[in-house]
Amino acid sequence: MMTNGRASLALLAALALAGCGGSPPDGAVSWEAFRAAAYQETDTGMFITNGDELAESEDLLRAAYERYRAEAEQPELATDRSALIVNLVNGQDDRWSATQAQDLTYCVSQSSFGSRYATVVSAMETAASAWEGSGRVNFVHVATQDGSCTSRTAGVVFNVRQVRTPQYLARAFFPSTSRNGREILVSISSFGNISPWTLAGVLRHELGHTLGFRHEHTRPEAAACFEDTSWRALTAYDSSSVMHYPQCNGTQTGDLVLTSLDRTGAGTLYP
């Protein structure tokens, strides 16, 4: 895939098409191909699928594959759900409690970002404000923790740090993720030419995941980049959603911004 211009968001989803086998009615890939397409982070040992979604262990990666395989073989499972969709865990919405949603604390690693630290702090504030204006959520930057900000930092819900992988622009996590996996990792490639997107736009997408929102393009209406059906619809399908990859038949052509349906869905999950 190209890494500049409109297709540059492919860095966010370098594995989305290969790892997910296209639309569900067409043959599923093997476990070996699915495993090979997943990116394993060198420092955490965790796996990234669907471009920027986290599987904390190989057992969880295998579970994701089994869901994908069953649903790829039974496409009717992907069409029986009514632009924002929430992740499901054991049939329940993967979301923060009302209390925790108002106190989503985070730190930003000064040591890993170095001279880019202030840029990331500003981009996180911009990205967070978009979601805060759409639902009852509140992201809180605990700057006093930035000097030693890692996945082991206590006193924050998650941390933000820089990595050098070319596999994605950034990756995040879902609310059900354990603390050592609750990181937003920002690749150094995010500070290059990613026009028409900005770092704040990329982080708007990633913060959507931290709130429990799935990729919009896994819905059957997208007819591309199928992942699985472990989600619940909050709104009608939205091809322009901030959670929709453009290379998966998405139609958002500018920076990654929340649409009216994104805001409606966020307000529905966090009223």
Side-chain angles (χ1 to χ4, degrees), residues 40-48 52-57 60 86-87 89-90 92-165 168-188 190-191 199-214 242 258 266-267 269-271:
Q40 187 171 21
E41 294 175 334
T42 56
D43 61 339
T44 68
M46 299 178 186
F47 297 88
I48 304 300
D52 63 345
E53 293 181 358
L54 180 67
E56 295 183 76
S57 67
L60 291 175
V86 61
N87 190 46
V89 177
N90 298 322
Q92 301 297 311
D93 290 350
D94 190 358
R95 54 157 293 166
W96 301 104
S97 69
T99 300
Q100 186 65 80
Q102 289 292 298
D103 192 30
L104 295 173
T105 54
Y106 67 91
C107 61
V108 179
S109 171
Q110 286 180 312
S111 60
S112 70
F113 287 112
S115 62
R116 301 183 179 96
Y117 167 76
T119 298
V120 177
V121 169
S122 177
M124 278 291 294
E125 291 174 349
T126 298
S129 67
W131 291 106
E132 290 168 344
S134 303
R136 289 184 61 82
V137 297
N138 187 38
F139 290 94
V140 181
H141 179 201
V142 185
T144 55
Q145 300 277 26
D146 289 353
S148 57
C149 177
T150 71
S151 62
R152 296 180 297 276
T153 300
V156 293
V157 172
F158 67 94
N159 60 283
V160 186
R161 65 182 174 92
Q162 181 175 273
V163 292
R164 293 184 175 275
T165 179
Y168 49 70
L169 293 179
R171 70 89 159 159
F173 56 89
F174 291 123
S176 59
T177 305
S178 63
R179 173 61 186 96
N180 67 335
R182 289 203 303 264
E183 299 186 282
I184 292 181
L185 302 186
V186 181
S187 172
I188 194 171
S190 290
F191 300 100
L199 179 60
V202 171
L203 291 173
R204 275 191 290 270
H205 176 96
E206 298 307 326
L207 286 180
H209 285 315
T210 73
L211 294 174
F213 301 125
R214 288 287 304 272
V242 69
L258 273 67
L269 190 63
Y270 295 101

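For residues 97-106, the set of pairs meeting the side chain to side chain donor-acceptor pair (under 3.5 Å) definition, not counting sequence neighbours, is empty. The stretch residues 140-162 participates, sequence neighbours left out, in these salt bridge (Lys or Arg N to Asp or Glu O under 4.0 Å) pairs: D43-R161, R161-E183.
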Using distance only, find each side-chain donor-acceptor pair of residues 107-116 under 3.5 Å and give its atom names and separation, not counting sequence neighbours.
residue	atom	partner	partner atom	Å
S109	OG	S111	OG	3.4
S109	OG	S112	N	3.1
S109	OG	S112	OG	2.9
S112	OG	Q162	N	3.1

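For the pair L203/V186, a side-chain contact is recorded, criterion being any heavy-atom separation below 4.5 Å from C-beta on. Two residues are said to be in side-chain contact when any heavy atoms from C-beta on lie closer than 4.5 Å; F173 and H209 fail this criterion. F213 places none of its side-chain heavy atoms less than 4.5 Å from the side chain of N87. For the pair L269/W96, no side-chain contact is recorded, criterion being any heavy-atom separation below 4.5 Å from C-beta on. Counting heavy atoms from C-beta on, the side chains of L104 and T210 never come closer than 4.5 Å. Side-chain atoms of F174 and V89, non-hydrogen and from C-beta on, never get closer than 4.5 Å to each other.
To the nearest 0.5 Å, the span separating CZ on F191 from OG1 on T119 amounts to 7.0 Å. If you take OG1 on T165 and CG on L185, they are separated by 9.5 Å, rounding to the nearest 0.5 Å. With values rounded to the nearest 0.5 angstrom, I184 atom CD1 is found 4.5 Å from M124 atom CE.
Scored by the salt bridge (Lys or Arg N to Asp or Glu O under 4.0 Å) test, E132 finds no partners at all (sequence neighbours excluded). For R204, the salt bridge (Lys or Arg N to Asp or Glu O under 4.0 Å) partners two or more places apart in sequence, or in a different chain, are D255. Legend: residues meeting side chain to side chain contact (heavy atoms under 4.5 Å, CB included) with S148, ordered by chain and number and at least two apart, are absent. For S134, the side chain to side chain donor-acceptor pair (under 3.5 Å) test picks out no residue, with sequence neighbours left out. For R179, the side chain to side chain donor-acceptor pair (under 3.5 Å) test picks out N159, with sequence neighbours left out. For T153, there are no side chain to side chain donor-acceptor pair (under 3.5 Å) partners, not counting sequence neighbours. In this structure F139 satisfies the ring pair (Phe, Tyr, Trp, His ring centres under 6.0 Å) test with no other residue, sequence neighbours excluded. For N180, the side chain to side chain contact (heavy atoms under 4.5 Å, CB included) partners are M46, E56, S178, not counting sequence neighbours.
Not a single donor-acceptor pair under 3.5 Å links the side chain of S190 to the backbone N or O of L199. A distance-only check finds no donor-acceptor pair linking the side chain of S122 to the backbone of A118 [under 3.5 Å].
Shortest non-hydrogen contact noted between E41 and I48 is OE2-CD1, 3.6 Å. Taking each heavy atom of R95 and P271 in turn, the nearest pair found is NH1-CD, 4.4 Å. Of all non-hydrogen atoms in F158 and R182, the two that sit nearest each other are CB-O, 3.1 Å.
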